[in-house]
Amino acid sequence: EKRMMPYDAIGEEKLSALVDAFYRRVGKHPDLIPIFPEDLTEVARRQKQFLTQFLGGPPLYSQEHGHPMMRARHLPHEITPVRAKAWLSCMSEAMDEVELEPDFREFFYSRLAITANHMVNTPDEAQ
Ligand code: HEM
């Protein structure tokens with residue numbers, strides 16, 4: 001018997017729509033624009049791979065890029081508490097746009113909030 005994993009509750013198509021809706025907002029957010037590249041195509045592609053495995057789906061990110069080491073990969077970027085909040089607000093709005101099932105949404109958002117806070121590497125006043 002195969003256990004249900006969170007990835008099955010969203011699926012490839014909806015996860016892809018979520019990530020696209022998310023980066024549309026990142027690309028317009030005044031707190032995030034300064035640290036993201038203008039072309040968000042590649043980061044969106046990697047984020048789809050990462051979130052697939054984050055939710056227990058196939059390890060697409062690791063297969064192409066090796067160990068995720070997400071905090072280490074974010075160290076070159078100044079991730080302040082304000083930017084973590086901005087990231088999460090873009091994600092929350094994207095979740096509203098694609099209409100995730102409420103229980104799954106709550107589970108996924110709370111996991112992302114923990115991860116986003118873990119990514120903070122710079123105090124607000126240093127930004
Ligand atoms: C990459 C910002 C949180 C997953 C990046 C990049 C930036 C960034 C600036 C590099 C873009 C580039 O130049 O290519 C932030 C900020 C966050 C945050 C401000 C706020 C806390 C997260 C979280 C996750 C995540 C919570 C996962 C749940 C990724 C992934 C990449 C990435 C998968 C691509 C890594 C790679 O392979 O290069 N992020 N990030 N980020 N971020 Fe975040």
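As the structure lists them, so they are numbered: ligands from 1, and atoms in each ligand from 1. Count residues from 1 along the sequence. All values derive from a computational prediction rather than experimental measurement.
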Nearest-contact summary for atom 3 (C) of ligand 1 - protein heavy atom, Å: W87 NE1, 3.2 Å
Taking atom 10 (C) of ligand 1 as the reference point, the nearest protein heavy atom with its distance: H77 NE2, 3.3 Å
Residue-ligand contact F36/ligand 1, heavy atom below 4.0 Å: yes
Under 4.0 Å to a heavy atom of I79 - the qualifying atoms of ligand 1, by number: 2 (C), 15 (C), 16 (C), 19 (C), 20 (C), 21 (C)
Ion pair check, E97 and R24, cut-off under 4.0 Å: yes
Residue pair Y7 / G56: nearest heavy atoms and the distance that separates them: CB-C, 4.3 Å
Same cluster (ILVMFWY, side-chain, under 4.5 Å), F22 and L60: no
Those atoms of ligand 1 less than 4.0 Å from some heavy atom in A84: 20 (C), 21 (C)
For atom 11 (C) of ligand 1, the protein heavy atom that lies nearest, with its residue and separation: P37 CD, 3.7 Å
Residue pair T80 / P123: nearest heavy atoms and the distance that separates them: CG2-O, 3.7 Å
Heavy-atom pair of closest approach, residues V98 and A21: CG1-CB, 4.3 Å
Option nearest atom 41 (N) of ligand 1 (shortest heavy-atom distance, choices M119, M70, H74): H74
Distance-only N or O hit between ligand 1 and R83, under 3.5 Å: no
Lys/Arg N to Asp/Glu carboxylate O, E101 vs R105, below 4.0 Å: no
Identity and separation of the nearest protein heavy atom to atom 38 (O) of ligand 1: R46 NH1, 3.2 Å
N or O contact, H65 vs ligand 1, cut-off under 3.5 Å: no
Non-hydrogen atoms of L88 and A113 that approach each other most closely: CD2-CA, 3.7 Å
S62 versus Q53, side-chain donor and acceptor atoms under 3.5 Å: yes
Y61 contact mode with ligand 1 (heavy-atom cut-off under 4.0 Å): side chain
Shortest reach to atom 4 (C) of ligand 1 by a heavy atom, considering only Q47, M91, H29: Q47
Ring geometry between F54 and F108 (parallel below 30°, tilted from 30 to 60°, perpendicular above 60°): tilted
Under 4.0 Å to a heavy atom of L112 - the qualifying atoms of ligand 1, by number: 28 (C)
Taking atom 27 (C) of ligand 1 as the reference point, the nearest protein heavy atom with its distance: F50 CE2, 3.5 Å
Ion pair D20/K48, N-O distance below 4.0 Å: yes
Of the listed options V43, I35, V19, closest to atom 1 (C) of ligand 1 (non-hydrogen atoms): V43
